[in-house]
Number of protein chains: 2
Amino acid sequence: MDGQDRRRRPTISDVAAAAGVSVKTVSRVINGEPGVRPALAERVLAAVAELGFRRNALASGLRSGRASATIGLIIEDLANPFYSTIAAAVAKVARGHDTHLITVSSEEDPALERRQFAELCQRRVDGLIIVPAGSDHAYTRSEAELGLKMVFLDRPPSGILADSVVVDNAAGAAAGVADLLAAGHRRIGVITDSPSVYTARERLAGVRTALAGAGVPYDDALVRTDVADPGRAARAVAAMLDGADPPTAFFTGNNRITVGAIQELCRRGHDAALTGFDDFELSALMPRPLTVVGYDVRELGRAAAARLFARIGGDASWPSETVVPTRLERRGIGS
Amino acid sequence: MDGQDRRRRPTISDVAAAAGVSVKTVSRVINGEPGVRPALAERVLAAVAELGFRRNALASGLRSGRASATIGLIIEDLANPFYSTIAAAVAKVARGHDTHLITVSSEEDPALERRQFAELCQRRVDGLIIVPAGSDHAYTRSEAELGLKMVFLDRPPSGILADSVVVDNAAGAAAGVADLLAAGHRRIGVITDSPSVYTARERLAGVRTALAGAGVPYDDALVRTDVADPGRAARAVAAMLDGADPPTAFFTGNNRITVGAIQELCRRGHDAALTGFDDFELSALMPRPLTVVGYDVRELGRAAAARLFARIGGDASWPSETVVPTRLERRGIGS
DNA sequence: CCCACGGAAGACATCGTTGTCAACGGCGTC
DNA sequence: GACGCCGTTGACAACGATGTCTTCCGTGGG
């Protein structure tokens, strides 16, 4: 309650005074070092308990030069289930290494990403997992040279050589479109985010590969890019359906777009086939059939964290790119 | 790449040597303290840039005795959207106070919760937001006396007097059941988690209040507790519908139970009314009408963080309980 | 010409802890 | 009885930074 006249937090030297020993002896006891007579150790432990002493991990880390037992995770937005799933997976791996996780959101702002990066460096995190917002990460180089371990997640870094873990975007999109083609569709509406986004670019490339593989020409009128939210996605679907020679199927580039497409198709009761990249929560309960290009999001986080701790543990091999596979899943009620 | 023969991280004294000044002068420059001739300051900044110096925030905090600019959040599982929404809201408020957030999962294990608590204390976090797993928090008292600020979230603490932020569980449940009663339902199946869970207990109390208010007797045969996952919820719904004199409506105690109930009702094509506590993602797209007792989950996190930073800022008022209101929302397609 | 004065810069102690090394006492050994 | 050894314990420095205080210098007034 009253924050003014509370007592000072006890230090190791308070404990030493209370137990009538030197600070070094206290240090030995609380760190389980050998060479302390049991009787003394007991007195020290009693003093520790009585004073409610807790070792200051920051001071301890400073003196001993040990790693800080902290890693950082820079993502776009923790409120997004995709990122929170990753954060949970990373935290779980970190716990296995007795390491804490500081998660920060870059809000897709490269400048903020840089600031967050600098702050985490000042805290002397042992490593960082970064979902890059910016497109140039040369600024991380000096820290990497000073021993900061980094793993880039979901998108590869540019301007620096470092580990990365990404989804098999092109192959997944190609498989999704190939599936629609195999079902006989020849006019497939493609709706995706801006090609400035790595994943959107890769997925669109996969779409082209699949079309080419089936000898179906790529038709610009059937491709809509720069769609960033469900509302816009719904309007894009509407526009294509209202156009001349409408598509009989849609391929959507991420789950926000997929949700927008579902809303518009359900609203019209239209039965166009729909395949979307990314699975999402409760996709199985959607009121119409759809197919998703799914992958294990936790695996993304897990693989990145595993890579990071391998580096922290001393792995000095050449940077690697880990690719997480995708698979087609039938979703929605009635599928 | 090569982690062995990299150079040591430069310290303030390396910078001082490079600039030909004392460490104190460097300290003054990097902290923007007055009293340094511009020419010298420039030399220092040049050295900082050249060496890639970054102040060690841990050492700085140790010496200056400032707060660590870190808070902790103890939740059950970051992968759960409810908790990740809270974490995101807390992180956002924290950023406004130039504070980092360490999130840890207790996995609903009171022993782990205590361990996590201790670890965060050793890191000298300025404050903690705790979603309690255990039922006794007297063990936090000594830290509270040493100045640790705490706010309990979603469930009040026991064994210690501290701020808390909770949902208006009883009133929300009462409103949900009253709504079903107003629609003419007299046999309402109630499915909830174990009464050992605070929220389940409060919500069940709200249910009884509403029934009593309408003069409808509380019938044990229509109440099923200790339901902890969608599968069990579906089976509970099935059992009630298959019983004699089945309910015409269901009230479900949380969103996992609501989802299980929807699955079973959809499977049977049964048209019982359904009202559930907690909104959930995509509830609007559920293939049947339902009503949810919703509330602003972000507001929970936001309020808790605001309370915590008020405490950190010196607020020494009597501990308060903040109650976040609920409201009924019609959800599902066709509602 | 001397001294008080004020601004700039540095020397030194310090935060809480751990690493290094020296000191101490008791013991066995020659 | 002197020596060396070993198991204990403590004194002191150091980690990387900042707070306090002193020193130094140039200036202006008497």
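So that the names make sense, note that chain A is the first sequence line, chain B the second, and so on, each numbered from 1. Being a predicted model, the structure only gives us computed values, none of them experimental. Scope of the values below: all heavy atoms of this structure, side chains included, with no hydrogens, waters or symmetry mates.
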Looking at the base of dG16(C), is there any donor atom on it, or on the side chain of Arg9(A), that sits under 3.5 Å from an acceptor on the other one? no
Does dT18(C) have its OP1 or OP2 closer than 4.0 Å to a side-chain nitrogen or oxygen of Ser27(A)? yes
About how many Å separate CD1 of Ile86(B) and CG of Leu73(B), when rounded to the nearest 0.5 Å? 7.5 Å
The first and last nucleotides of DNA chain D lying within contact of chain B, meaning any atom under 4.0 Å from one of its heavy atoms, run from dG16(D) to dT20(D)
Test of ring centre spacing under 6.0 Å for Phe117(A) and His137(A): no
If you only use heavy atoms from C-beta on, which nucleotide in dA13(C), dG10(C), dT18(C) is closest to the side chain of Lys24(B)? dG10(C)
Taking Asp109(A) first and then Arg115(A), would you say they form a salt bridge - that is, a charged N and a carboxylate O separated by under 4.0 Å? no
Touch class at under 4.0 angstrom, heavy-atom based, for Gly65(B) against every strand present: nothing
Specify the separation, in whole Å, of atom CZ of Arg66(A) and atom C1' of dG19(C). 12 Å
Quickly work out the Ile12(A) CD1 to dG16(C) P distance and round it to whole Å. 11 Å
Does anything in residues 41-60 of chain A reach DNA chain C, meaning a heavy atom under 4.0 Å, and if so which residues? Phe53(A), Arg54(A), Arg55(A), Asn56(A), Ala59(A), Ser60(A)
What is the separation between atom CD on Glu33(B) and atom P on dA9(C), rounded to the nearest whole Å? 13 Å
Ser68(B) pairs by side-chain contact (heavy atoms from CB on, under 4.5 Å) with which of Leu58(B), Asp126(B), Thr99(B)? Asp126(B)
Where the side chain of Leu62(A) is defined as all heavy atoms beyond and including C-beta, which of dG16(C), dT14(C), dA9(C) is the nearest nucleotide? dG16(C)
For the backbone of Ser105(B) and the side chain of Gln116(B), can you confirm whether one donor and one acceptor N or O come within less than 3.5 Å of each other? yes
